[in-house]
Amino acid sequence: MRYVVTLLALLAPTVVFAQTAPGAKPTPRPDMRQGVEAFALRPPDEGSPFFTDREAAKAALDQGTVQHTEQDAVAIYPRVKNSPDSASAMFTKFFTEMFASVKFKALRNEKTTEKLQLEPPHFSLSKQKDIDATYTVRNNTRKLIRLDFSTTQRIDLITTDASGKVVDRWSDDRAAQPQEGIIIINPKERIQYDEKIPTREMKPAESYTIQSEVTGYPDYTVSKTVVPSP
């Protein structure tokens, strides 16, 4: 074994020298393309019946997909502007139908609120010679309300029967003086008058309307109906 190793050591320089000596033919390098071609996929044989059937099926599938896509596009995006099935038309129809059954109450935006409270609301003529009336006017705005008067009278309370005949007028028993005056109602505040209404002209089981108003300002009028008992 030792002789074999010695022999190989002596021959190695000779092999190297032979490869590099002048006129020596180099050992050819391996062609890498042969390995690549070994793993390359060959194109299908167009003459094969399997190739023909596959291409026909692929063409039919592609044609069906295109037709289906065109139909979907027409259904979703109509070419006719403002058509019934357009996006804007369908959007409008959806919300119109959704809110058709919803009713919105009108917002009350009155400048003033007038109230007339009668006490007692139900009374007997044999027990009540008069009833208490509380008349208020409230300013619902954010501005001052100015009321101008030419006399000392500020309000009036008028009682009428079912036919509209006046049976009592609160101001008839009070003498108004010719004196100018002003009343200011601040924002969100009110004015209030507490007076008495006589019942001597009323009859039992008949309907009467009591109307209260600010003198010279008919917009602040409010009324209530009473039916006294015997």
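We're numbering straight along the sequence, starting at 1.
- Rounded to the nearest 0.5 angstrom, K196 NZ and E119 CD are separated by 10.5 Å.
- Between the CD atom of E114 and the CZ atom of R138 there is a distance of 12.0 Å, given to the nearest 0.5 Å.
- Between E201 atom CD and R169 atom CZ the span is 14.0 Å, to the nearest 0.5 Å.
- For the side-chain contact (heavy atoms from CB on, under 4.5 Å) test, no residue two or more places apart in sequence or in another chain qualifies with R142.
- Applying the side chain to side chain donor-acceptor pair (under 3.5 Å) test to residues at least two apart or on different chains, none of the pairs has a partner in residues 219-230.
- Looking at heavy atoms from C-beta onward, R174 lies in side-chain contact with E195 at the 4.5 angstrom threshold.
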(message) Run the side-chain contact (heavy atoms from CB on, under 4.5 Å) test on F149 and L147 for me, step by step, so that the C-alpha distance in whole Å, both residues' side-chain angles and the decisive distance to 0.1 Å come before the verdict.
(response) CA-CA 7 Å; F149 302 94; L147 305 177; 3.7 Å; yes

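- Between P198 and D168 the shortest heavy-atom distance is CG-OD1, 3.3 Å.
- Not a single donor-acceptor pair under 3.5 Å links the side chain of S212 to the backbone N or O of Y135.
- Heavy-atom minimum distance, A133 versus L116: CB-CD1, 4.2 Å.
- Relative to the ring axis of Y193, R154 does not place its NZ or CZ within 45° and under 6.0 Å from the centre.
- Side chain of N139 to main chain of I185: a donor-acceptor pair is present (N/O by atom type, distance under 3.5 Å, no hydrogens or angles).
- Criterion: ILVMFWY side-chain heavy atoms under 4.5 Å apart, direct or through other members. Under it, L157 and V226 are part of a common hydrophobic cluster.
- Within 6.0 Å of the NZ atom in K165, the count of heavy atoms belonging to other residues, nucleotides or ligands does not exceed 12.
- Not one N or O on the side chain of Q192 forms a donor-acceptor pair closer than 3.5 Å with the backbone of D194.
- Shown here for K203 and Y208, the closest heavy-atom pair between the two residues is N-OH, 2.7 Å.
- S124 and S126 make their closest contact through OG-OG, 2.9 Å (heavy atoms, listed as atom of the first residue, atom of the second, distance).
- Side-chain contact check for N140 versus K111: every heavy-atom pair is 4.5 Å or farther apart.
- Although no hydrogens or angles enter the test, the distance criterion places a donor-acceptor pair under 3.5 Å between the side chain of D161 and the main chain of G164.
- Taking all atoms of both residues into account, the shortest heavy-atom contact from S207 to V227 is CA-CG2, 4.0 Å.
- Remark: side-chain polar atoms of T199 are paired, donor with acceptor, to backbone N or O of K129 under 3.5 angstrom.
- Nearest heavy-atom pair across R146 and Y217 is O-OH, 4.2 Å.
- Rounding to the nearest 0.5 Å places CD1 of I191 at 11.5 Å from CG of N186.
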(request) Apply side-chain contact (heavy atoms from CB on, under 4.5 Å) to the pair V166 and I158, showing each step before the final yes or no. (result) CA-CA 7 Å; V166 177; I158 304 171; 4.0 Å; yes

(request) Evaluate side-chain contact (heavy atoms from CB on, under 4.5 Å) for W170 paired with I155, printing each intermediate quantity in order. (result) CA-CA 9 Å; W170 175 85; I155 66 169; 4.2 Å; yes

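- Between the side chain of E213 and the main chain of T215, no donor-acceptor pair closer than 3.5 Å is present.
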(request) Assess whether side chain to side chain donor-acceptor pair (under 3.5 Å) is satisfied between Q211 and T209, documenting all intermediate values. (result) CA-CA 6 Å; Q211 176 179 297; T209 300; over 6 Å; no

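- Between D130 and R200 there is no side-chain heavy-atom pair separated by less than 4.5 Å.
- I210 and L125 fall within the same hydrophobic cluster, where Ile, Leu, Val, Met, Phe, Trp and Tyr residues are linked whenever their side-chain heavy atoms come under 4.5 Å apart, directly or through other members.
- We find the CD-CD1 distance between E189 and I184 to be 11.5 Å, quoted to the nearest 0.5 Å.
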(message) Using side chain to side chain donor-acceptor pair (under 3.5 Å), reason through S171 and D156 one step at a time and then give a plain yes or no.
(response) CA-CA 6 Å; S171 60; D156 206 350; 2.8 Å; yes

